[in-house]
J.: 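Got a structure here, written out as structure tokens. Questions coming.
In what follows, chains carry the letters A, B, and so on, assigned in the order in which the sequence lines appear, proteins first and then strands, with residues in each chain numbered from 1. As the structure is a prediction and not an experimental result, all values here were calculated from the model.
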Protein chains: 2
Amino acid sequence: MPGHHPARGRRTTERKGDVRERAILDTCEALLARKGYDAMTIGDVAQGAGISRGALYFYFGSKQEVVTALVARTVEHLWERSRATAQTDDPRQAIATAMHRTVELWNEHGLVMRTAIDLSLTVAEIGELWNHTADLFIAAITAVLERAGVQAGTAPDQASAMARALCWMIERSFYHASQESREKLQEASATCEHIWLISAGLIT
Amino acid sequence: MPGHHPARGRRTTERKGDVRERAILDTCEALLARKGYDAMTIGDVAQGAGISRGALYFYFGSKQEVVTALVARTVEHLWERSRATAQTDDPRQAIATAMHRTVELWNEHGLVMRTAIDLSLTVAEIGELWNHTADLFIAAITAVLERAGVQAGTAPDQASAMARALCWMIERSFYHASQESREKLQEASATCEHIWLISAGLIT
DNA sequence: ATAAAAATCGACACGGTGTAGACTTTTTCT
DNA sequence: AGAAAAAGTCTACACCGTGTCGATTTTTAT
């Protein structure tokens, strides 16, 4: 329909580059799943996205930047979801829904989350991204523990320190389980939930 | 002293290569600490060991093989130590000594252990090494839990599954803490011990 | 002393990364 | 619509680290 003016007052223009950028990230995610980080080459990603290597470097300055952007995209999604979570008064209920949501997260984004964890050491920016994510989780766990009656504070047997340990337990358990199968993930979740409940003093 | 015969009946011959091999591994460990795995190059290691790159490839077929050998050397040390551990009947005591020993292990070999964990995914052989090590720990934890009265079995709330989760909790907590300082490691240990005790039902 | 085995080296080929500069397409402004 | 600017694309190249090869030297055993 020639002569058609798209609505004004709103940025209609989606740069061609925006589409490409998404294509690059999508390809990166797919290749990460198929070949893993080391085996995946910039050339592969470029080819998958339908451009040449040189063109890719117009968008990202390095292989690390590409995967950092991918992690950022995913992690942003996590934050959004976690912000949208309804709060409950009952700690038992809070724990159950938190674990359930976490299972969903890992089912959906397990690959990128594992990659983020793996690269946290080597790629500083990814490390920060993941640290921040972990801090959100730790804060949430701390809150639940305190509401369940665990003494607030940072001593080894108080809420804050315990929350950190529980967070790492969940991270690592899910990291391994999500590589195996959804069933294993479900089992790991049940176990972590159980230990969390015990630690909160909600189970004998 | 010409004509000197080294004592017989005992393998006096330590191949020159044996010394070199040790030198290579030692250098590798030092460089790993200084620059990290990615930044460390085969050339660096060779230079540090006082030989050329070409000569290094006489000993090891690849960079991965070098670090795999280093991990193997360290892990063997762990196994030895863990075999030599006295058993106690009192679960509380068993947990305390286990955590204490683990702190020592991480203080001494934290760097290599972290490297092993990082490379578990990419280098299959290191993965197996570390898995086996983890299995030893899990078995030990399981035994203690059962002796403390936790029901044996693999269901999510039974000894085996809980031991696995606790193992990951300890691994991850120590992984992070050992990067910071001995104090942090000590604190992390106290927290993990506390959660372990609660999970075993030895604390209200 | 000598022959076999062990160890060493320098040169080379390969593959992946990242850069440079020329060129084309798209967007923006009037 | 049309020109200038901005955005996007490509090919070629330089660099670096890995791993291989064959020739050579050193060590070891007899």
J.: How long is the line joining OH of B/Tyr59 and C1' of D/dG19, in whole Å?
T.: 18 Å
J.: Can you name the closest pair of heavy atoms from B/Thr27 and B/Asp44 and give their distance?
T.: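 It is CG2-O, 4.5 Å.
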J.: Nearest-Å distance, CG (A/Asp38) to P (C/dG15)?
T.: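 About 18 Å, once rounded to whole Å.
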J.: Testing the 3.5 Å rule here: is there a donor-acceptor pair between the side chains of A/Glu171 and A/Trp130?
T.: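 On atom types as modelled, these side chains qualify, holding a pair under 3.5 Å.
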J.: Output the single nucleotide from D/dC10, D/dG19, C/dG18 whose closest atom is nearest the side chain of A/Lys63.
T.: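 For the A/Lys63 side chain, the nearest candidate turns out to be C/dG18.
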J.: Distance check needed: D/dG8 C1' versus A/Arg20 CZ, whole Å only.
T.: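 Atom CZ in A/Arg20 sits about 9 Å away from atom C1' in D/dG8.
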J.: As a test of reading the structure: which of D/dT28, C/dG18, D/dT11 is closest to the side chain of A/Ser52, going by heavy atoms?
T.: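 The answer is D/dT11.
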J.: May I ask you to evaluate whether B/Lys16 reaches the phosphate of D/dT27, defined as a side-chain N or O under 4.0 Å from OP1 or OP2?
T.: yes
J.: Measure from the side chain of B/Arg53, starting at C-beta and using heavy atoms only, and say which of D/dG19, C/dT17, C/dA7 lies closest.
T.: D/dG19
J.: Please tell me which of the listed nucleotides, C/dT17, D/dG19, C/dT8, lies nearest to the side chain of A/Tyr57?
T.: C/dT17
J.: Should we say atom CD of A/Glu125 is surrounded by more than 12 heavy atoms from elsewhere, each under 6.0 Å from it?
T.: no
J.: Rounded to the nearest angstrom, tell me the gap between atom CG in B/Asp18 and atom P in C/dA7.
T.: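 Roughly 7 Å, once rounded to whole Å.
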J.: Nearest to the side chain of A/Phe58, which nucleotide is it out of C/dC9, D/dA7, C/dA7?
T.: D/dA7
J.: From CG of B/Asp44 over to P of D/dC16, roughly how many Å is that when rounded to an integer?
T.: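 For the pair B/Asp44 CG and D/dC16 P, the rounded distance is 13 Å.
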J.: Indicate, with a heavy-atom threshold strictly under 4.0 Å, whether B/Gly54 touches base, sugar-phosphate, or nothing.
T.: base
J.: Please state how far atom CD in A/Glu21 lies from atom P in D/dT9, giving the value in whole angstrom units.
T.: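 Rounding to the nearest Å, CD of A/Glu21 and P of D/dT9 are 11 Å apart.
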J.: Does B/Arg15 put a side-chain nitrogen or oxygen below 4.0 Å from OP1 or OP2 of D/dT26?
T.: no
J.: Over how many whole Å does the gap from A/Lys35 atom NZ to C/dG16 atom C1' extend?
T.: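 These atoms are roughly 12 Å apart.
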J.: How about CZ on A/Arg81, more than 12 heavy atoms from neighbouring residues, nucleotides or ligands closer than 6.0 Å, or not?
T.: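 More than 12 within 6.0 Å, yes.
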J.: Go through C/dT17, D/dG8, C/dT8 for me and flag the one nearest to the A/Thr41 side chain.
T.: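 The listed nucleotide nearest to A/Thr41's side chain is C/dT17.
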J.: Heavy atoms from C-beta onward define the side chain here; which of C/dG18, C/dC9, D/dC10 lies closest to that of B/Ile51?
T.: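 My answer, after comparing the listed nucleotides, is C/dC9.
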J.: To the nearest Å, give me how far apart OH (A/Tyr37) and C1' (C/dG16) are.
T.: 12 Å
J.: How about A/Ser173 and B/Arg164: does a side-chain donor come under 3.5 Å of a side-chain acceptor?
T.: no
